[in-house]
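Below is one structure, written out as C-alpha cells, with a few remarks after it.
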Amino acid sequence: MYKRFHIIIYFALTSGLLSCSGNAANKKTEVPAIPVTVTKASLTDAVFYNLYPANIVALKEVELRGQVSGYITGIYFTEGKEVHTGEKLYEIDRRKYQAAYEAVQSNVKIAESNLEKVQRDADRYTDLESRDAVAKQVFDNAMTDLKNAKQQVDVAKSELIQAKTDYDYSLIYAPFDGTIGFSSVKLGALVTPGQTLLNTVSSDDPMGVDFEISETEFNRFQHLENAVISKNDTTFKITLSDNSIYPYMGKISVIDRAVDPQTGTIRVRITVPNHEKMLKPGMSCKVLVLNANAGQQILIPFKAVLEQLGEYFVFIVNDKNVKQVKISLGPMVKSDIIVLKGLKGDETVVVDGIQKLHEGSEIAITALQNQQHNN
C-alpha cells in the first residue's frame with residue numbers, strides 16, 4: 001500500500017512537469033511577429049557633395065613697413081576702406097631726406113663740371129702727346145685725373161640714387177588695389193626702418209579659398225584643376241559660416257607642391273569672385289565639391305542603418321522574415337544615405353523597428369514608407 005502510494009505520487013509529479021514543460025515550449029514557439037515599417041531601396045539620381053572645412057585668403061596681401069626712420073607726419077586714407085595702386089597712404093618726415101637729396105644733386109653737378117674741365121685738359125694733352133709735344137709724365141697725370149673725375153661722377157650719382165630712394169621711401173603708397181586695415185601707428189609715431197608695421201593691404205577680388213584634401217584624392221582634384229569649367233558650373237560651392245550658400249562658384253587655381261607627411265593631406269586653393277565684398281580674409285567656411293559618384297545611386301533612409309563594431313548592416317525582408325545584410329556607405333543626401341555595396345536596389349528594407357530584430361526574425365509590416373529624395 002505504501003509503495004503504491006509513492007508510485008501514484010511519482011506519476012502525478014511526472015505528469016505535472018511534462019504538462020508545464022509542454023506549455024512552456026508552446027509559449028516559446030508562440031513569439032509574436034515584430035511590427036516594422038519598410039521602404040523600397042531603389043536607384044535614383046543623387047547629387048551630393050563632399051564637404052571640406054576651409055578659410056578665405058587674400059590672393060595678394062602686403063604688410064606696410066617704413067624703410068626709412070622718422071616721425072609720421074601724414075596719414076591719407078580711411079581705415080577699412082578701398083585704396084588704389086599708387087595712392088598715397090603715409091608720409092614720414094621728409095625734410096632731412098629732401099635736404100640730403102638736393103645736396104647730392106649739387107654734388108653730382110659739381111662732379112660733372114669737374115669732369116668736363118678734366119676732359120678738356122685730357123683732350124688737349126692727348127693732342128699734344130700725339131705730336132710728341134708734351135712730357136709723358138704730364139700726359140699720364142692728365143689721364144689719371146680724367147679717370148678719377150669719372151669715378152667721382154659715378155660715386156656722386158650712386159649717392160644720388162640712394163638719396164632719391166630714401167626721399168621716395170618717406171612716402172608710402174598703395175602697392176595694388178585692395179582694402180587697407182586699421183593703422184598700427186598714429187601721427188607723430190617714430191618709425192624704425194624695416195621693423196615698424198604701419199598697416200596691411202589685401203586684395204579683394206577675386207578671393208582664395210584654401211582647404212585640405214587627402215593624398216588619396218589628389219588625382220581626382222588634379223583632373224578637376226585641368227577641367228574646363230563653365231560660368232554656371234556647380235562643381236565647387238561655398239557655404240559661409242551662417243550656412244548660407246555663396247552665390248558665386250569657384251575654380252581650382254592652385255594645388256600645393258607637396259603632401260604634408262604629418263597629416264597625409266595636401267592644400268588646394270580655389271578662387272571665387274568677390275564683387276560685393278562679402279568675403280574677408282580669415283573667414284571660415286566650407287567647400288562643397290561635387291562627388292565623383294554623383295548620379296544613379298542606391299539611397300535608403302539613414303535610420304534604416306544599424307552599426308555594429310564599426311560595420312554597417314540593414315535588415316531586408318525575406319518573405320515574412322528578415323535577413324541581415326552588411327553594406328558599405330557613401331555620403332549622406334539630406335536624411336538618406338548612399339549604399340555603395342551590399343544592395344542591388346530592388347530590396348525591401350526595414351526602416352523602423354530594427355532595434356528589436358535579429359537574423360530570421362518574423363515581422364509584421366505595418367507601413368510602407370515612401371522615400372522623398374531631395375537632391
Side-chain angles (χ1 to χ4, degrees), residues 33-54 211-224 227 233-239 243 245 249 264-265 268 286-375:
I34 300 171
V36 296
T37 300
V38 299
T39 189
K40 291 288 291 184
S42 60
L43 284 169
T44 186
D45 284 323
V47 177
F48 56 97
Y49 289 78
N50 297 116
L51 185 147
Y52 301 86
F211 59 101
E212 306 283 334
I213 64 169
S214 168
E215 60 183 305
T216 59
E217 301 177 276
F218 172 72
N219 288 336
R220 177 186 167 219
F221 276 82
Q222 193 171 42
H223 290 148
L224 290 174
D233 191 275
T234 58
T235 302
F236 297 96
K237 293 183 179 181
I238 297 171
T239 302
N243 292 323
I245 298 294
M249 306 304 162
T265 60
V268 176
K286 295 181 180 68
V287 173
L288 305 176
V289 183
L290 185 65
N291 191 283
N293 294 320
Q296 284 282 308
Q297 296 291 340
I298 300 172
L299 264 72
I300 62 172
F302 181 66
K303 63 181 180 178
V305 178
L306 180 68
E307 182 181 2
Q308 295 178 352
L309 301 176
E311 295 182 325
Y312 300 96
F313 301 86
V314 292
F315 287 102
I316 62 173
V317 177
N318 184 16
D319 195 11
K320 294 182 179 181
N321 302 91
V322 292
K323 179 181 178 182
Q324 191 176 45
V325 177
K326 182 180 177 181
I327 60 173
S328 296
L329 299 181
M332 292 280 296
V333 180
K334 300 212 171 180
S335 61
D336 294 335
I337 188 121
I338 289 175
V339 178
L340 300 177
K341 293 180 181 178
L343 298 181
K344 297 178 181 179
D346 57 356
E347 297 88 349
T348 300
V349 178
V350 178
V351 178
D352 293 316
I354 60 174
Q355 294 81 6
K356 301 177 182 179
L357 299 179
H358 55 79
E359 180 74 17
S361 293
E362 186 176 346
I363 59 169
I365 298 174
T366 59
L368 176 64
Q369 176 177 310
N370 293 320
Q371 284 185 255
Q372 298 292 327
H373 300 302
N374 297 317
N375 297 334

Legend entry - Audit row: E212, V268, side-chain contact (heavy atoms from CB on, under 4.5 Å) steps and yes/no: CA-CA 6 Å; E212 306 283 334; V268 176; over 6 Å; no

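- Put simply, the side chain of F221 reaches to within 4.5 Å of the side chain of V289, judged on heavy atoms.
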Inset, instruction - Carefully, step by step, assess Y312 and V339 under the rule side-chain contact (heavy atoms from CB on, under 4.5 Å). - result: CA-CA 10 Å; Y312 300 96; V339 178; over 6 Å; no

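- Within the 4.5 Å cutoff, the side chain of H223 has no heavy atoms near those of the F218 side chain.
- A heavy-atom distance below 4.5 Å is found between the side chains of V317 and I363.
- Here the closest heavy-atom approach between residue Q324 and residue L306 is recorded as NE2-CD2, 3.8 Å.
- If you take CG on L343 and NZ on K326, they are separated by 13.5 Å, rounding to the nearest 0.5 Å.
- The closest donor-acceptor contact from the side chain of E347 to the backbone of G345 lies under 3.5 Å.
- Shown here for L340 and L329, the closest heavy-atom pair between the two residues is CD1-O, 3.6 Å.
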Legend entry - Chi angles and distances behind the side-chain contact (heavy atoms from CB on, under 4.5 Å) call for T239, L288: CA-CA 7 Å; T239 302; L288 305 176; 3.4 Å; yes

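- Using a 4.5 Å heavy-atom threshold, the side chains of E362 and V322 count as separate.
- Atom CD1 of residue I365 and atom NZ of residue K320 lie 11.0 Å apart, to the nearest 0.5 angstrom.
- Under a 4.0 Å N-O distance rule, the pair E359/K323 does not qualify as a salt bridge.
- I300 and A41 get closest at one heavy-atom pair: CG2-CB, 3.8 Å.
- Taken to the nearest 0.5 Å, the CZ atom of F211 stands 9.0 Å off from the CD1 atom of I238.
- Considering all non-hydrogen atoms of both residues, N321 and G360 come closest at ND2-O, 2.9 Å.
- For the pair V305/I337, a side-chain contact is recorded, criterion being any heavy-atom separation below 4.5 Å from C-beta on.
- When atom types are taken as modelled, the side chain of T366 and the backbone of V36 share a donor-acceptor pair closer than 3.5 angstrom.
- In this structure, P301 and D336 approach most closely via the heavy-atom pair CA-OD1, 3.5 Å.
- Proximity of K303 to D352: side-chain heavy atoms (C-beta onward) are separated by under 4.5 Å at one or more points.
- In this structure, CZ in F315 is found 5.0 Å from CG in L357, a value given to the nearest 0.5 Å.
- Residues V314 and A304 come closest through the heavy atom pair CG1-O, 3.6 Å.
- Not one N or O on the side chain of E311 forms a donor-acceptor pair closer than 3.5 Å with the backbone of Q308.
- Atom CZ of F302 is surrounded by 12 or fewer heavy atoms from other residues, nucleotides or ligands within 6.0 Å.
- Between I327 atom CD1 and F313 atom CZ the span is 9.0 Å, to the nearest 0.5 Å.
- A distance of 6.5 Å separates OG1 in T235 from CG in L224, rounded to the nearest 0.5 Å.
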